[in-house]
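Below is one structure, written out as structure tokens; the observations come after it.
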Amino acid sequence: MPKHVAIIMDGNGRWAKSKGKIRTFGHKAGVESVRAAVSFARKNGIESLTLFAFSSENWNRPAEEVGVLMDLFNFVLNSEAKKLNKNDVKLKIIGDKSGFDDKLVKKINKAEELTKHNTSLILNIAANYGGRWDIVDTAKKLASEVKEGKLAVDDIDESKFNQLNCLSDQAELDLLIRTGGERRISNFLLWQCAYAELYFTQTLWPDFDEDAFQLAVDDFSERQRRFGLTGEQVSA
Ligand code: IPE
Ligand code: IPE
Ligand code: MG
């Protein structure tokens, strides 16, 4: 079982179109798949689940669609925070929060505060997130520590970078799933993907249920992760 799974939840628009509906209908339907993924992760002892909900590039979509996505984010924070807390799930929003209005930021902070002591699952929601932003953001934190005299340039290494990253203290990313058929990372977890196993499925996000998640995990369990070693070394 992977300890940390990330998912690029893609295909909402095409799912809606295939049903003769407008794109935003697909985003709304996708919320149910988020619930299923969280439930699967909890039942199977996955430690961290990181979901790509809104990329830094998604602001360039039509204003109406962006508006619906923000409303949906607001709505889900309202309706789910208490349930997540009851289920012992710790919620963390990763991404550039400065892009959101004050009301939404307050709601995010409140939900994070409410759930911060929970330990069954860490649910990271990537919103206004970009992998390059994440790397630059961590670099800024390193630079600040150097400027304040807390850190020497020569002491900057991968482990120090990890400590200051938004996913610090969480398991290394084991499995990255992308639904919707595209085979690209779309500026998701660039640093963290270094040795993640990649799994691409044609299934559109609103159709991605617990069985589909199980298929991805089954596929993962058959892989040999070599981390640069030979297969023989790993078997031994
Ligand atoms: C993913 O589904 C959800 C977001 C990016 C917010 P899309 O909206 O990208 O759906 P497709 O790829 O157009 O089908
Ligand atoms: C990636 O999906 C972002 C999210 C799932 C939130 P996109 O649909 O935006 O990715 P591209 O543009 O097809 O690469
Ligand atoms: Mg898409």
Rounded to the nearest 0.5 angstrom, the CZ-CH2 distance for Phe208 and Trp15 is 15.5 Å

Establish, yes or no, whether a centroid distance under 6.0 Å links the rings of Phe227 and Tyr195.
yes

Rounded to the nearest 0.5 Å, what separation is found between the CD atom of Glu57 and the CZ atom of Arg132?
8.5 Å

Any heavy-atom pair between the side chains of Asn109 and Lys97 that's under 4.5 Å?
yes

Main-chain N/O of Gly180 paired with Arg14 side-chain donor or acceptor, under 3.5 Å:
yes

Check the pair Met70, Leu104 against side-chain contact (heavy atoms from CB on, under 4.5 Å), reporting the backbone distance first and the verdict last.
CA-CA 9 Å; Met70 287 303 135; Leu104 185 54; 4.2 Å; yes

Between atom CZ of Phe54 and atom NE2 of His27, what is the distance when rounded to the nearest 0.5 Å?
9.0 Å

Enclosure of Lys83 NZ (heavy-atom neighbours >12, cutoff 6.0 Å):
yes

Please list all pairs passing the ring-ring contact (aromatic ring centres under 6.0 Å, His included) test where one or both residues lie in residues 157-190, with sequence neighbours left out.
Phe52-Phe188, Tyr129-Phe188, Phe161-Trp191

So, are Lys116 and Glu113 salt-bridged, with charged N and O less than 4.0 Å apart?
yes

Looking at CG of Asp96 and OG of Ser56, how far apart are the two atoms once the value is rounded to the nearest 0.5 Å?
8.5 Å

Is the shortest side-chain N to carboxylate O distance from Arg42 to Asp88 below 4.0 Å?
no

Of the options Gln170, Lys92, Lys3, which is the one that meets Ser48 in a side chain to side chain donor-acceptor pair (under 3.5 Å)?
Gln170

Side-chain ion pair, Asp155 and Lys160, N-O less than 4.0 Å
no

Salt bridge between Lys106 and Asp102, side-chain N to carboxylate O under 4.0 Å?
no

Looking at every non-hydrogen atom in both residues, tell me the closest pair between Val89 and Asn118 and how far apart they are.
O-ND2, 3.0 Å

Whether over 12 other heavy atoms sit under 6.0 Å from Glu148 CD:
yes

When you look at CD of Glu172, are more than 12 heavy atoms from neighbouring residues, nucleotides or ligands closer to it than 6.0 Å?
no

Look up atom CG in Asn124 and atom CG in Leu167, then write down how far apart they are to the nearest 0.5 Å.
5.0 Å

Verdict with reasoning, Gln163 to Asp169, per side chain to side chain donor-acceptor pair (under 3.5 Å)
CA-CA 7 Å; Gln163 277 171 34; Asp169 301 329; over 6 Å; no

Let me confirm one number: the CD1-CD distance from Ile8 to Glu182, rounded to the nearest 0.5 Å.
10.5 Å

Salt bridge check, Glu112 against Lys107: does any charged N sit closer than 4.0 Å to a carboxylate O?
no

